[in-house]
Amino acid sequence: MNNEGFWVQLFFSYFKDLVGKEVTVELKNDLAIRGTLHSVDQYLNIKLENTRVVDQDKYPHMVLHSCSLKP
């Protein structure tokens with residue numbers, strides 16, 4: 001396994017332990033989404049349920065129910 005593969009597997013293992021727990025994901029545009037981690041795959045794509053925007057005053061137009069995020 002190369003160095004990159006090692007880190008991907010390490011993060012994958014860490015995220016798998018968080019399935020079912022509430023997490024916050026910060027996106028590149030400073031948007032933070034909070035929700036229950038439903039699943040994660042070996043490519044670190046994640047699916048959140050019961051999601052909401054952390055800063056609703058800054059992003060009042062964002063309404064989320066569930067979302068899938070790719071790295």
Side-chain angles (χ1 to χ4, degrees):
M1 179 183 314
N2 63 20
N3 197 26
E4 181 179 327
F6 167 78
W7 289 109
V8 169
Q9 287 300 318
L10 182 67
F11 280 109
F12 176 57
S13 176
Y14 175 73
F15 286 127
K16 280 191 345 186
D17 289 341
L18 294 176
V19 169
K21 296 186 172 135
E22 193 168 70
V23 297
T24 300
V25 177
E26 288 187 29
L27 305 178
K28 289 181 180 180
N29 63 355
D30 293 329
L31 174 65
I33 299 172
R34 188 156 184 86
T36 304
L37 183 59
H38 179 264
S39 62
V40 60
D41 67 16
Q42 69 271 21
Y43 303 106
L44 302 182
N45 299 312
I46 64 172
K47 182 173 182 182
L48 300 175
E49 293 184 332
N50 303 318
T51 56
R52 65 187 180 283
V53 175
V54 173
D55 188 355
Q56 299 240 333
D57 293 333
K58 189 174 180 181
Y59 300 98
H61 58 284
M62 296 292 292
V63 177
L64 304 168
H65 299 285
S66 68
C67 65
S68 296
L69 303 170
K70 297 182 179 200

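All values derive from a computational prediction rather than experimental measurement.
- By the 6.0 Å contact criterion, CD on Q42 is enclosed, its count of non-hydrogen atoms from other residues, nucleotides or ligands being greater than 12.
- Residue F15 holds its CZ atom at 6.5 Å from CD1 of I46, rounded to the nearest 0.5 Å.
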Using atom types as modelled, flag every donor-acceptor pair under 3.5 Å from a side chain in residues 29-37 to any protein atom, sequence neighbours excluded.
{"unit_1": "N29", "atom_1": "OD1", "unit_2": "L31", "atom_2": "N", "d": "3.1"}
{"unit_1": "R34", "atom_1": "NE", "unit_2": "E22", "atom_2": "OE1", "d": "3.0"}
{"unit_1": "R34", "atom_1": "NH1", "unit_2": "T24", "atom_2": "OG1", "d": "2.2"}
{"unit_1": "R34", "atom_1": "NH2", "unit_2": "E22", "atom_2": "OE1", "d": "3.2"}

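- Pairs engaging residues 10-19 under the side chain to side chain donor-acceptor pair (under 3.5 Å) rule: none recorded [sequence neighbours left out].
- Under the 4.5 Å side-chain heavy-atom criterion for Ile, Leu, Val, Met, Phe, Trp and Tyr, F11 and L48 are members of the same hydrophobic cluster.
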